[in-house]
Amino acid sequence: MKAVEERSERARLFGCPAVGEEQVSSIGRGICVLLGISVDDTQRDADYIVRKILNLRLFEDENGRAWAKSVMERDFEVLCVSQFTLQCILKGNKPDFHSAMPAELAQPFYNSILESMRSAYKPELIKDGKFGARMQVNIQNDGPVTVELTSPAGPSDPKQLLKLEKQQQRKEKTRSKGPSESGREKGSLRSRQDPSASSGAEGDVSSDREP
């Protein structure tokens with residue numbers, strides 16, 4: 001998932017000339033967010049982006065110290081605009097948008113992201129446009145300050161996912177046993193491997209460690 005966050009003095013959305021240039025939405029001081037959802041995005045990606053949008057420290061504090069406060073801490077507004085073109089892949093000079101989530105799936109996903117933002121912040125301060133509509137975006141960028149956000153890419157290989165899951169299970173099992181029990185098991189294992197070794201002897205246990 002990708003987002004472009006712009007610190008704004010004000011931002012407004014208008015309908016395109018073909019359907020009338022009425023104002024669709026607007027905010028005063030705050031941030032305007034252009035959001036692009038990919039076909040591989042999950043709720044984990046959405047949670048990351050929402051958290052970053054609302055907590056990124058783009059504003060000064062009451063004493064004028066820069067990069068000190070988030071949009072929530074200053075009670076400023078947020079204007080979100082769905083923009084699938086952020087998922088563009090160039091094929092020569094031609095943009096390709098197959099990595100963007102199809103509209104019929106993206107719209108409910110996008111709406112759930114808006115609801116997450118409203119739940120985490122003040123719902124009346126979260127504004128948006130019309131999903132899928134052609135619009136004109138008027139952003140008065142303050143600074144200018146523009147930040148690109150991309151949700152962390154997780155492993156997509158099923159074998160790698162299984163390996164990570166098993167590693168996590170082993171870690172949780174070790175933590176649940178406690179240090180003394182885990183140490184006794186390791187000592188017992190060394191004694192079985194080398195009968196002449198005492199249980200208190202220190203040796204190379206690198207083979208018991210995770211690679």
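A quick note: this is a predicted structure, and the numbers were derived from the prediction, not measured. Residue numbers start at 1 and run along the sequence shown.
Annotation: side chain of V81 is in contact with side chain of M135 (closest heavy-atom distance under 4.5 Å). Side-chain atoms of V33 and I31, non-hydrogen and from C-beta on, do get closer than 4.5 Å to each other. Using a 4.5 Å heavy-atom threshold, the side chains of L105 and I37 count as separate. For the pair Y110/C80, a side-chain contact is recorded, criterion being any heavy-atom separation below 4.5 Å from C-beta on. Residues L149 and I53 form a side-chain contact, since some pair of their non-hydrogen atoms from C-beta on lies under 4.5 Å apart.
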Verdict with supporting geometry, N111 and Q107, side chain to side chain donor-acceptor pair (under 3.5 Å): CA-CA 6 Å; N111 290 337; Q107 184 168 9; 5.4 Å; no
Would L35 and F84 count as a side chain to side chain contact (heavy atoms under 4.5 Å, CB included) if you check the C-alpha gap in whole Å, the side-chain angles of each, and the deciding distance to 0.1 Å? CA-CA 7 Å; L35 185 66; F84 72 91; over 6 Å; no
Going through the checks in order, is the side chain to side chain contact (heavy atoms under 4.5 Å, CB included) test met by S99 and Q87? CA-CA 6 Å; S99 63; Q87 296 295 339; 3.7 Å; yes
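Ion pair E148/K2 not flagged as a salt bridge, since none of the NZ, NE, NH1 or NH2 atoms sits closer than 4.0 Å to an Asp/Glu carboxylate oxygen. Between R29 and E9 there is a salt bridge, since at least one side-chain N of the basic residue sits less than 4.0 Å from a carboxylate O of the acidic one. Using a cut-off of 4.0 Å between Lys/Arg side-chain N and Asp/Glu carboxylate O, R57 and E73 are scored as not salt-bridged.
By the rule that hydrophobic residues join a cluster once side-chain heavy atoms approach within less than 4.5 Å of another member, V147 and W67 end up as members of one cluster. Hydrophobic clustering (ILVMFWY, side-chain heavy atoms < 4.5 Å, transitive): F59 and L125 are in one cluster. By the rule that hydrophobic residues join a cluster once side-chain heavy atoms approach within less than 4.5 Å of another member, I89 and L86 end up as members of separate clusters. Linking ILVMFWY residues whenever their side-chain heavy atoms come closer than 4.5 Å, directly or via other members, places Y48 and I126 in the same cluster. In the hydrophobic clustering of this structure, M101 groups with V50; members are Ile, Leu, Val, Met, Phe, Trp, Tyr whose side-chain heavy atoms approach within less than 4.5 Å, directly or through other members.
A distance-only check finds a donor-acceptor pair linking the side chain of S151 to the backbone of M1 [under 3.5 Å]. Looking at D61, its side chain never comes within 3.5 Å of a backbone N or O of A68 through a donor-acceptor pair. Between the side chain of S8 and the main chain of R10, no donor-acceptor pair closer than 3.5 Å is present. A donor-acceptor contact shorter than 3.5 Å is absent between the side chain of S116 and the backbone of L114. Judged purely by atom type and a 3.5 angstrom limit, D47 has no side-chain atom pairing as donor or acceptor with the backbone of R44. Between the side chain of N63 and the backbone N or O of R65 there is no donor-acceptor pair closer than 3.5 Å. With S82 contributing its side chain and F131 its backbone, the two residues share no donor-acceptor pair below 3.5 Å. Between the side chain of N55 and the backbone N or O of R51, at least one donor-acceptor pair lies under 3.5 Å.
Pairing each heavy atom of F14 with each of V24, the nearest pair is C-CG2, 4.1 Å. The two atoms that bring A120 and M72 nearest to each other are O-SD, 3.7 Å, heavy atoms only. Here the closest heavy-atom approach between residue R12 and residue L79 is recorded as N-CD2, 4.4 Å. Taking every heavy atom of both residues into account, C88 and L90 meet most closely at SG-CD2, 4.0 Å. Nearest heavy-atom pair, V71 versus E77, reported as atom, atom and distance to 0.1 Å: CG2-O, 3.7 Å. Considering every non-hydrogen atom in both A3 and I49, the closest pair reads CB-CG2, 4.2 Å.
Side-chain N/O atoms of S25 and D128 include no donor and acceptor closer than 3.5 Å. Side-chain polar atoms of Q83 and T85 form a donor-acceptor pair below 3.5 angstrom.
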